[in-house]
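A short worksheet on the structure shown next.
Naming: A, B, ... by sequence-line order, numbering from 1 per chain.
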Amino acid sequence: MNQRERTLLEENYGYLFEPELLNEIVESGIIKQKRQGDVIIEVGEEIRFMILLVNGSIKIMREDQEGDEMLLFFLEKGDTCTMSLSGCLGKTQSEIRAIAEQDATLLMIPVQKMAEWMKQYTGWMNFVFTSYHERLHEMLQSIDSLVFLNLHERLFNYLKDKVKLHHTTTLSVKHHEIAKDLHTSRVVISRVLKQLEKEGKIELHRNRIEVKEF
DNA sequence: ACATTAAGTGATT
DNA sequence: AATCACTTAATGT
């Protein structure tokens with residue numbers, strides 16, 4: 001781990017972790033760079049590392065046997081993938097797929113360290129519990145959105161999420177990509193997007209959506 | 001100029 | 001809200 005990476009780590013996690021714990025993380029953690037669109041964890045893949053997102057963003061997808069998939073939620077920097085936390089309970093296979101939403105910097109920690117650090121560092125224990133809580137909360141939100149919102153609202157929330165994540169109101173997405181994330185068809189997305197445009201909330205272009213209201 | 005890919009739309013279920 | 005069938009528009013070669 002180089003100096004720049006260490007600085008990133010301290011910026012994002014310094015206030016959570018004891019200095020000794022930070023040192024341990026620097027020692028046993030591996031930094032990995034991922035490009036936008038790279039698959040980080042595949043469904044069924046055995047989890048050997050716990051993953052902290054140091055920079056960038058990740059989208060977490062659920063997939064069924066037929067290959068139908070749907071977006072569960074996004075992870076931002078400072079977040080951790082909870083699926084990778086469950087690795088500390090023994091050998092587990094991933095039930096989700098994680099894809100880099102933007103170029104991302106990951107800190108991968110061997111799962112064996114999990115149990116060790118849980119006993120040793122309260123900062124670590126708090127972090128793990130807090131992370132579980134946050135992910136559970138996001139999962140519930142995702143269920144709420146799916147059950148209680150119509151597609152119109154769901155789509156607009158999705159766009160607003162992207163704006164926040166990418167820190168820009170100019171989104172480079174194709175309608176069919178949105179359709180995949182929300183698990184519907186491209187035609188339906190195009191129609192609802194047109195509706196949002198008429199309402200003045202967005203502006204449509206080829207391969208690009210300008211979000212006017214968020 | 002032609003082919004390919006993205007997006008728009010009416011009709012039907 | 002999904003699917004089909006077709007059109008129009010933007011881009012790549």
Side-chain angles (χ1 to χ4, degrees), chain A residues 32-45 51 53-77 79 81-83 93-106 133-214:
Chain A
K32 277 250 161 83
Q33 287 294 141
K34 294 283 179 182
R35 305 297 304 276
Q36 183 171 79
D38 285 354
V39 175
I40 294 163
I41 302 174
E42 188 52 274
V43 180
E45 192 180 312
I51 294 168
L53 184 53
V54 181
N55 210 358
S57 57
I58 293 176
K59 63 177 178 180
I60 304 296
M61 312 284 294
R62 190 83 234 256
E63 186 181 83
D64 73 3
Q65 297 79 8
E66 278 91 63
D68 281 344
E69 54 177 7
M70 199 194 87
L71 174 80
L72 287 181
F73 47 75
F74 293 110
L75 296 182
E76 294 174 83
K77 76 170 179 179
D79 288 343
C81 177
T82 311
M83 199 73 233
Q93 291 182 332
S94 178
E95 296 182 56
I96 52 89
R97 166 187 294 158
I99 298 170
E101 167 77 11
Q102 299 166 270
D103 290 357
T105 308
L106 311 178
H133 178 254
E134 281 169 5
R135 292 298 87 70
L136 180 62
H137 181 71
E138 281 180 277
M139 193 77 90
L140 290 175
Q141 277 201 322
S142 156
I143 292 172
D144 283 350
S145 156
L146 197 56
V147 176
F148 299 121
L149 299 185
N150 56 33
L151 185 59
H152 185 277
E153 299 169 292
R154 217 160 44 100
L155 176 55
F156 192 45
N157 284 342
Y158 170 87
L159 294 174
K160 286 192 280 190
D161 273 358
K162 283 236 182 202
V163 168
K164 260 192 229 156
L165 224 58
H166 290 87
H167 306 110
T168 169
T169 54
T170 306
L171 305 176
S172 309
V173 274
K174 298 186 229 327
H175 296 187
H176 107 267
E177 291 171 343
I178 301 176
K180 272 184 75 183
D181 281 355
L182 300 189
H183 198 252
T184 175
S185 68
R186 194 234 84 209
V187 193
V188 172
I189 291 297
S190 291
R191 285 212 167 98
V192 182
L193 282 173
K194 252 285 86 71
Q195 219 181 312
L196 287 166
E197 190 179 40
K198 281 195 188 118
E199 292 168 19
K201 289 175 175 161
I202 59 171
E203 216 173 87
L204 297 173
H205 307 271
R206 187 187 169 93
N207 289 326
R208 182 163 60 94
I209 297 174
E210 297 283 344
V211 182
K212 297 285 177 193
E213 222 179 87
F214 52 96

- Item | A:K194 NZ to B:dA6 P, straight-line distance once rounded to whole Å | 17 Å
- Write down the distance between CG (A:L193) and C1' (B:dA7), rounded to a whole number of angstrom. 10 Å
- Message: Please determine whether a side-chain nitrogen or oxygen atom of A:H205 lies at a distance below 4.0 Å from atom OP1 or OP2 of B:dA7.
- Response: no
- Taking all heavy atoms of A:R186 and all of A:A179, pick out the closest pair and write down the distance. N-CB, 3.6 Å
- Whole angstrom value for the distance that separates P of B:dA7 from CD of A:E197: 12 Å
- Item | Qualifying residues under side-chain contact (heavy atoms from CB on, under 4.5 Å), relative to A:H205, sequence neighbours excluded | A:E203, A:R208, A:E210
- Message: Can you see whether A:Q102 engages A:S57 through a side-chain donor-acceptor pair at a distance of less than 3.5 angstrom?
- Response: yes
- Whole-Å distance between B:dA7 P and A:Q195 CD? 18 Å
- Note on the structure: In short, A:T105 meets A:Q33 closest at the heavy-atom pair OG1-OE1, 3.0 Å
- Note on the structure: With sequence neighbours left out, the residues meeting side-chain contact (heavy atoms from CB on, under 4.5 Å) with A:Q141 are A:H137
- Residue pair A:K174/A:K198 against DNA chain B: nearer the 5' end by closest nucleotide is A:K174
- Is it true that the side chains of A:E199 and A:H152 contain a donor and an acceptor less than 3.5 Å apart? yes
- Nucleic acid footprint by protein, nucleotides 1-13 of chain C - heavy-atom cut-off 4.0 Å, B for base, S for sugar-phosphate alone: SBBB----BBS--
